[in-house]
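Fair warning: this is a prediction, and the values are worked out from it, not measured in the lab. Starting from 1, each residue takes its place in the sequence as its number.
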Amino acid sequence: MKSTQKTVIITGASSGVGLHTTKTLIQKWNCHVVMACRNLEKTHKVAQEIGISLDSYTALPINLESLESVRQFAKIFQDTGKSLDVLLCNAAIYMPLLKKPLRSPEGYELTMATNHLGHFLLCNLMLNHLKDSPFSEPRLIILGTVTHNPNELGGKIPPQPNLGEFQGFIGGFKNPYSMIDGKSFKPVKAYKDSKVCNILTMRELHRRYHKSTGITFSSLYPGCVANTALFRNHYLLFQKLFPWFQKHIIKGFVSEELAGERVAAVVASPDYNQSGVYWSWGNRQIKDRLSFVEKVSPQAKDNEKAKLLWDLSLKLVGLT
């Protein structure tokens with residue numbers, strides 16, 4: 001008998017948008033969520049605090065900065081015997097105050113390793129599970145950000161993302177190649193570059209696999225969640241002032257709860273079964289709860305860059 005309950009994997013589900021997406025999917029959309037997180041003790045604690053029942057989720061360990069951890073997660077998930085209907089790549093790190101790059105266990109610059117390479121490997125390892133979903137609309141979704149696009153307000157603030165000629169990928173992101181364009185390390189740019197890579201990955205997944213598998217591939221920006229734990233590594237003054245600025249000056253502030261509702265809709269609602277697109281929400285006061293297909297940045301819609309990024313990433317995660 002076919003199950004009526006979809007199984008959704010969410011990376012970084014123990015805080016912020018990931019946690020509230022988990023709650024909404026369980027309570028509104030009757031999904032079973034696999035909370036893929038680094039700290040399982042914390043995951044169980046926050047699930048209980050937010051009112052998620054123990055039988056409505058499964059907590060499995062993953063550390064996206066480690067490719068071996070991603071491979072182990074894939075094995076553990078397979079051993080659960082669960083089908084997979086949606087993969088939501090939500091987790092990300094942002095460390096704007098770093099002076100020197102940190103390194104993953106494989107020696108790669110940590111922001112790119114976590115935000116892009118870990119998710120890239122996970123997407124590839126989960127494709128067959130998604131393809132075998134008993135539901136007609138399996139989905140793979142990668143969370144985006146307005147800062148990937150220098151044509152948007154949030155992306156105009158320097159340093160702007162620039163993938164260059166992929167010198168960092170070619171150099172294996174090892175010394176002296178800490179940045180994707182081969183230039184000196186800038187932690188904010190490393191984050192923005194990684195999010196461009198996320199969207200390029202989504203678009204290349206769509207090009208390669210949508211027609212043959214029926215999987216819907218998309219990205220989204222749920223609005224400016226200015227108080228998210230993503231900013232926990234920023235100055236304390238920034239953490240206090242940025243939400244105020246977004247609420248009262250820009251008027252673009254979106255709560256974690258509302259962002260979670262928006263992400264959950266892209267995961268589960270039939271209204272969002274469009275592949276190869278980037279969903280976005282405008283200013284909350286103007287377009288409250290209304291979404292639209294947003295244009296991505298010139299770099300993120302470059303098909304040749306997407307193909308090259310794919311081939312180089314395959315080598316770095318050991319799939320070739």
**Message:** Do Lys6 and Val267 make a side-chain contact, defined as non-hydrogen atoms from C-beta onward lying under 4.5 Å apart?
**Reply:** no
**Item:** Donor-acceptor under 3.5 Å (Ser133 side chain, Leu130 main chain)
**Value:** no
**Asked** Between Ile93 and Glu65, is any pair of side-chain heavy atoms under 4.5 Å apart?
**Response** no
**Request:** Determine whether Ile76 and Leu121 fall in the same hydrophobic cluster, where Ile, Leu, Val, Met, Phe, Trp and Tyr are linked whenever their side-chain heavy atoms lie under 4.5 Å apart.
**Result:** yes
**Message:** Quick one: does any side-chain atom of Gln167 pair with a main-chain N or O of Glu165 as donor and acceptor, under 3.5 Å?
**Reply:** yes
**Asked** Honestly curious: do Tyr272 and Val293 fall in one hydrophobic cluster under the side-chain, below-4.5 Å linking rule?
**Response** yes
**Request:** For Arg139 and Val266, indicate whether the former's side chain and the latter's backbone hold a donor-acceptor pair under 3.5 Å.
**Result:** yes
**Message:** Using the side-chain hydrogen bond (donor to acceptor under 3.5 Å, both in side chains) criterion, which residues pair with His129? Sequence neighbours excluded.
**Reply:** none
**Asked** Is Phe185 reachable from Tyr177 through a run of I, L, V, M, F, W or Y residues, each pair having side-chain heavy atoms under 4.5 Å apart?
**Response** no
**Nearest atoms (heavy-atom pairs only) where Gly18 meets Asn90** = CA-ND2, 3.5 Å
**Asked** Do Leu84 and Met126 have side-chain heavy atoms sitting under 4.5 Å apart?
**Response** yes
**Request:** Hey, can you tell me if Tyr209 and Trp310 have their rings parallel, tilted or perpendicular (30° and 60° cut-offs)?
**Result:** tilted
**Asked** So, Glu109 and Thr111: side-chain donor and acceptor under 3.5 Å apart, yes or no?
**Response** yes
Name each donor-acceptor pair under 3.5 Å that joins a side chain in residues 313-320 to protein atoms two or more places apart or in another chain, with its distance.
residue : atom : partner : partner atom : Å
Ser313  : OG   : His116  : NE2          : 2.8
Ser313  : OG   : Leu309  : O            : 2.7

**Item:** Value rounded to 0.5 Å, distance of CZ in Arg38 from OG in Ser66
**Value:** 12.0 Å
**Asked** Does the side chain to side chain contact (heavy atoms under 4.5 Å, CB included) test come out yes or no for Arg71 and Leu67, once each step is laid out?
**Response** CA-CA 6 Å; Arg71 295 187 189 98; Leu67 298 179; 3.7 Å; yes
**Asked** Gln48: what forms a side-chain hydrogen bond (donor to acceptor under 3.5 Å, both in side chains) with it, not counting sequence neighbours?
**Response** none
**Request:** For Met112 and Ser178, run side chain to side chain contact (heavy atoms under 4.5 Å, CB included): C-alpha distance rounded to whole Å, both residues' side-chain angles, the deciding distance at 0.1 Å, then the answer.
**Result:** CA-CA 9 Å; Met112 189 62 69; Ser178 297; over 6 Å; no
**Asked** Are any non-hydrogen side-chain atoms of Cys89 and Cys123 less than 4.5 angstrom apart?
**Response** yes
**Message:** Checking Val188 against Lys186 for the side chain to side chain contact (heavy atoms under 4.5 Å, CB included) test, could you report, in this order, the C-alpha distance in whole Å, the side-chain angles of both residues, the deciding distance, and whether it holds?
**Reply:** CA-CA 6 Å; Val188 175; Lys186 295 179 180 179; 6.0 Å; no
**Prompt:** Where do Tyr191 and Ala92 come nearest, in terms of heavy atoms and distance?
**Reply:** CE1-CB, 4.4 Å
**Request:** Please check if the side chain of Glu137 supplies one atom and the backbone of Asn273 the other of a donor-acceptor pair under 3.5 Å.
**Result:** no
**Asked** How about Asp193 and Leu163: do any of their side-chain heavy atoms sit closer than 4.5 Å?
**Response** yes
Enumerate donor-acceptor pairs with a distance under 3.5 Å from any side-chain N or O in residues 196-206 to protein atoms, sequence neighbours excluded.
residue : atom : partner : partner atom : Å
Asn198  : OD1  : Lys195  : NZ           : 2.9
Asn198  : ND2  : Asn115  : O            : 3.0
Thr201  : OG1  : Cys197  : O            : 2.8
Arg203  : NH1  : Ala300  : O            : 3.3
Arg203  : NH1  : Lys301  : O            : 3.4
Arg203  : NH1  : Asn303  : OD1          : 3.4
Arg203  : NH2  : Asn303  : OD1          : 3.1
Glu204  : OE1  : Arg207  : NE           : 3.1
Glu204  : OE2  : Arg207  : NE           : 3.3
Glu204  : OE2  : Arg207  : NH2          : 2.6
Glu204  : OE2  : Arg208  : NE           : 2.8
Glu204  : OE2  : Arg208  : NH2          : 3.4
His206  : ND1  : Ser275  : OG           : 2.7

**Sequence neighbours excluded - ring pair (Phe, Tyr, Trp, His ring centres under 6.0 Å) pairs with any residue from residues 41-70** = His44-Tyr57
**All side-chain contact (heavy atoms from CB on, under 4.5 Å) counterparts of Gln27, not counting sequence neighbours** = Lys23
**Prompt:** How many angstroms lie between CD in Glu261 and NE2 in His20, if you round to the nearest 0.5 Å?
**Reply:** 10.0 Å
**Prompt:** Do Asp85 and Pro138 touch side chain to side chain, with heavy atoms closer than 4.5 Å?
**Reply:** no
**Complete:** On a heavy-atom basis, the closest approach of Thr21 and Ala264 is CG2-N, 3.9 Å
**Message:** Treating Asp302 as the side-chain partner and Pro298 as the backbone partner, does any N or O pair qualify as donor plus acceptor under 3.5 Å?
**Reply:** no
**Prompt:** CG of Leu220 to CG of Leu143: how many Å apart, nearest 0.5 Å?
**Reply:** 5.0 Å
**Request:** Answer yes or no: does atom CZ of Phe77 have more than 12 heavy-atom neighbours from other residues, nucleotides or ligands under 6.0 Å?
**Result:** yes
**Message:** If you define the side chain from C-beta out and look only at heavy atoms, does anything of Lys82 sit under 4.5 Å from Thr58?
**Reply:** yes
**Heavy-atom side-chain contact between Leu19 and Met35 under 4.5 Å** = yes
**Message:** Test of understanding: clusters of I, L, V, M, F, W, Y form through side-chain heavy atoms closer than 4.5 Å, transitively. Do Leu60 and Leu40 belong to the same one?
**Reply:** no
**Prompt:** Closest heavy-atom contact between Phe73 and Pro61?
**Reply:** CD1-O, 3.5 Å
**Prompt:** What is the minimum heavy-atom distance between Ala113 and Ser104, and which atoms define it?
**Reply:** CB-CB, 3.7 Å
